[in-house]
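Protein chains get the first letters and strands the later ones, always in sequence-line order, with residue 1 at the start of each. This structure is a prediction, so every number in the text was calculated from the model and none was measured.
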Protein chains: 2
Amino acid sequence: MSNLDLAFAALADPTRRRIVARLTRGELRVTDLAQPFAMSLNAVSKHVKVLEGAGLVGRRREGREHYLRLRAAPLREVARWTAQYERFWTRRLDALGAFLDGQKENGDEGSQ
Amino acid sequence: MSNLDLAFAALADPTRRRIVARLTRGELRVTDLAQPFAMSLNAVSKHVKVLEGAGLVGRRREGREHYLRLRAAPLREVARWTAQYERFWTRRLDALGAFLDGQKENGDEGSQ
DNA sequence: GTATTATTCAACCAAAAGGTTGAATGAATG
DNA sequence: CATTCATTCAACCTTTTGGTTGAATAATAC
């Protein structure tokens with residue numbers, strides 16, 4: 001699984017996006033992070049592992065407590081990937097007129 | 001499932017990202033779209049349906065042929081969501097220094 | 001009208017995802 | 001040392017995902 005696969009998949013779950021949002025305020029222990037969620041601590045712990053797997057969360061152990069923090073680098077990759085398509089949503093390129101001008105530029109198949 | 005859920009989930013699959021990339025060159029029939037992929041036409045057809053479900057692909061029927069085109073609007077939403085975190089990857093905010101300044105600004109929980 | 005072509009629908013399958021509960025590990029605390 | 005607290009591990013379950021094959025539908029071509 002590529003980096004981008006992992007990042008997109010990790011962010012596809014709304015709970016995980018909330019976790020990411022929550023971590024913008026600073027480090028949190030797993031228990032504190034889990035507190036507002038209507039699911040078991042175990043479930044949140046699993047979500048955190050998915051985010052770690054995608055490089056979106058880092059962990060620092062301090063005794064029995066694990067402090068989690070946001071690691072935004074993969075978000076940068078996602079942003080870069082989507083930015084490739086910016087010209088398709090700016091201007092009317094998104095709509096029907098897309099190919100009146102097209103067909104020549106942009107010879108590559110995009111990433112992966 | 002929210003729009004953003006659907007968009008992220010759709011983009012998590014590399015085949016689907018290739019489809020999106022492919023459609024930047026213009027409209028394609030399902031068969032032509034499927035041609036370079038090492039999987040059955042049916043599989044590609046299913047991927048297309050996922051992309052349609054996320055609003056990333058539009059379809060125009062012309063007789064028995066279905067012409068697919070990119071609809072980039074959901075990509076714009078993804079870009080907007082990730083842009084929220086831009087300040088966490090620019091500067092050294094991503095790394096350990098993230099909370100030296102933090103704790104005050106950004107009172108919301110992000111989207112959804 | 002009979003093939004052929006473009007596409008989907010339906011059933012099936014294996015693997016992954018998202019959750020649960022219960023037990024294990026390992027620090028801190030009384 | 002016995003307990004409690006923070007966290008993970010493991011097993012299990014249900015639903016979703018990504019693929020297959022085979023049949024159905026519907027438009028074109030011979």
Side-chain angles (χ1 to χ4, degrees), chain A residues 1-23 26-70 74 112, chain B residues 1-23 26-70 74 112:
Chain A
M1 240 189 174
S2 87
N3 285 353
L4 222 38
D5 288 353
L6 291 168
F8 274 116
L11 296 172
D13 186 282
T15 300
R16 288 194 291 261
R17 286 202 309 281
R18 277 181 68 198
I19 290 177
V20 166
R22 201 111 192 294
L23 288 175
E27 285 189 321
L28 281 176
R29 298 179 315 145
V30 178
T31 308
D32 296 340
L33 177 63
Q35 180 262 316
F37 292 98
M39 68 183 65
S40 74
L41 175 65
N42 271 4
V44 173
S45 172
K46 273 175 147 192
H47 280 304
V48 168
K49 269 200 300 186
V50 172
L51 289 165
E52 270 188 293
L56 281 158
V57 161
R59 179 186 303 246
R60 167 175 70 83
R61 256 144 285 225
E62 193 165 319
R64 62 183 165 183
E65 303 173 323
H66 298 202
Y67 287 91
L68 307 169
R69 70 161 179 276
L70 183 59
Q112 350 291 308
Chain B
M1 239 189 175
S2 86
N3 286 353
L4 220 39
D5 288 354
L6 290 168
F8 274 117
L11 296 172
D13 187 282
T15 300
R16 287 193 293 260
R17 285 202 309 282
R18 276 181 68 198
I19 290 176
V20 166
R22 203 108 192 296
L23 288 176
E27 285 190 321
L28 281 177
R29 299 178 316 145
V30 178
T31 308
D32 296 338
L33 177 63
Q35 180 262 316
F37 293 98
M39 69 184 66
S40 74
L41 175 65
N42 271 4
V44 173
S45 171
K46 273 174 146 192
H47 279 304
V48 168
K49 269 201 301 188
V50 172
L51 289 165
E52 269 187 294
L56 281 158
V57 160
R59 180 187 303 248
R60 170 175 70 86
R61 256 146 285 224
E62 193 163 320
R64 64 184 163 182
E65 303 174 321
H66 298 203
Y67 286 91
L68 307 169
R69 70 161 180 276
L70 183 60
Q112 344 294 306

Would one find a side-chain N or O of [X] under 4.0 angstrom from OP1 or OP2 of [N]?
X: A:S40; N: C:dG19; value: no
X: A:S45; N: D:dT7; value: no
X: B:H66; N: C:dT8; value: yes
X: A:H47; N: C:dG18; value: no

Expressed in angstrom and rounded to an integer, what is the separation of [X] atom [atom1] from [N] atom [atom2]?
X: B:D13; N: C:dA15; atom1: CG; atom2: C1'; answer: 14 Å
X: B:L28; N: C:dA6; atom1: CG; atom2: P; answer: 14 Å
X: B:M39; N: D:dT20; atom1: CE; atom2: P; answer: 7 Å
X: B:L33; N: C:dT8; atom1: CG; atom2: P; answer: 10 Å
X: A:R17; N: C:dG18; atom1: CZ; atom2: P; answer: 12 Å
X: B:R61; N: C:dT5; atom1: CZ; atom2: C1'; answer: 17 Å
X: A:R29; N: C:dA27; atom1: CZ; atom2: C1'; answer: 13 Å
X: A:L6; N: C:dA17; atom1: CG; atom2: C1'; answer: 14 Å

Query raised in the report: Donor-acceptor pair, A:R22 side chain versus A:L33 backbone, under 3.5 Å?
Result: yes
Report task. Taking atom types as modelled, find out whether A:H66 and A:R61 have a side-chain donor-acceptor pair closer than 3.5 angstrom. Result ->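 There is no such pair between these side chains.
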**Report entry** Under 3.5 Å donor-acceptor pair, B:N42 side-chain atoms to D:dG18 base atoms
**Finding:**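 Between D:dG18 and B:N42, which were checked side chain against base, a qualifying N/O pair under 3.5 Å is absent.
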Is any side-chain heavy atom of [X] closer than 4.5 Å to a side-chain heavy atom of [Y]?
X: B:L28; Y: B:Y67; answer: no
X: A:R69; Y: A:R59; answer: no
X: B:R16; Y: B:R18; answer: no

Query raised in the report: Which nucleotide in the list C:dT8, D:dT7, D:dG19 gets nearest to the side chain of B:K46?
Result: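 Closest of the options to the side chain of B:K46: D:dG19.
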**Report entry** Heavy-atom pair of closest approach, residues A:R17 and B:S2
**Finding:** NH2-OG, 3.7 Å
Report summary line: In 5'-to-3' order, the base (B), backbone-only (S) or no-contact (-) status of each nucleotide in nucleotides 25-30 of chain D, using a 4.0 angstrom heavy-atom cut-off, is --BS--
Query raised in the report: When all nucleic acid strands are considered with a 4.0 Å heavy-atom cut-off, which category describes A:R16: base, sugar-phosphate, or nothing?
Result: sugar-phosphate
Query raised in the report: So what does A:K49 hit on the nucleic acid, given a heavy-atom distance under 4.0 Å: a base, only sugar-phosphate, or nothing?
Result: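 Since only primed, P, OP1 and OP2 atoms lie under 4.0 Å of A:K49, the category is sugar-phosphate.
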Requested in this report: With DNA chain C as reference, determine whether A:M1 or B:T31 sits nearer its 5' end, using the nearest nucleotide of each.
Outcome: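 The residue mapped nearer the 5' terminus is B:T31.
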